[in-house]
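These notes concern the structure reproduced below.
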Amino acid sequence: MIHHSEIANNDLYRKIKQREINFGGNKKLKIYGFLNCKSGKRMNRENRVFFSSIKEAIENGFRPCGHCMKSDYNIWKNDLL
């Protein structure tokens, strides 16, 4: 997990381009999703974190975004019921 506030923009763009970063998340809400998610783009920089994989996000206790990852979110939600 990489905190947005701890990485320089150039390094961030390079890691995204090289596909070392594939997902973004909100560390306060514990939600992860695709980098192009409209909800994710609105969050504050200090709350934003990045992951290389879904596995990494789940290992850190994050759940799928209900907007950009609807099917994964529904699976997660149904497992809780």
Common cluster, Leu35/Tyr13, ILVMFWY with side-chain heavy-atom separation under 4.5 Å | no
Do other residues, nucleotides or ligands put more than 12 heavy atoms under 6.0 Å from Lys28 NZ?
-> no
CZ of Arg63 to CG of Asn26: how many Å apart, nearest 0.5 Å?
-> 10.0 Å
Check Gly66 against Tyr73 and note the closest heavy-atom contact, atom names and distance.
-> CA-CG, 3.6 Å
Please answer whether the main-chain N or O of Ile7 pairs with a side-chain N or O of Asp11 as donor and acceptor at a distance below 3.5 Å.
-> no
Mind checking whether Ile2 and Phe51 sit in one hydrophobic cluster, side chains of I, L, V, M, F, W, Y counted as touching below 4.5 Å?
-> no
Is the number of heavy atoms from other residues, nucleotides or ligands within 6.0 Å of CZ (Arg19) greater than 12?
-> no
Is a donor on one side and an acceptor on the other found under 3.5 Å between the side chain of Asn60 and the backbone of Glu56?
-> yes
Please check if Val49 and Met69 belong to a single hydrophobic cluster, counting links between Ile, Leu, Val, Met, Phe, Trp and Tyr side chain heavy atoms closer than 4.5 Å.
-> yes
Would you give the length of the straight line joining atom NZ of Lys77 to atom NZ of Lys70, rounded to the nearest 0.5 angstrom?
-> 7.5 Å
Lys41 side, atom NZ; Arg48 side, atom CZ - distance, nearest 0.5 Å = 10.0 Å
Straight-line distance of Asn47 CG to Ser5 OG, nearest 0.5 Å | 9.5 Å
To the nearest 0.5 angstrom, please state how far the NZ atom of Lys15 sits from the CG atom of Asn10.
-> 12.5 Å
Test of ring centre spacing under 6.0 Å for Phe23 and Phe62 | no
Hey, is the main chain of Glu46 close enough, under 3.5 Å, to the side chain of Lys27 for a donor-acceptor pair?
-> yes
Indicate, with yes or no, if Phe34 and Ile54 share a hydrophobic cluster defined by side-chain heavy-atom contacts under 4.5 Å among Ile, Leu, Val, Met, Phe, Trp and Tyr.
-> yes
Check the hydrophobic clustering (I, L, V, M, F, W, Y; side-chain heavy atoms under 4.5 Å; chains of links allowed) and say if Ile75 and Ile58 are grouped together.
-> no
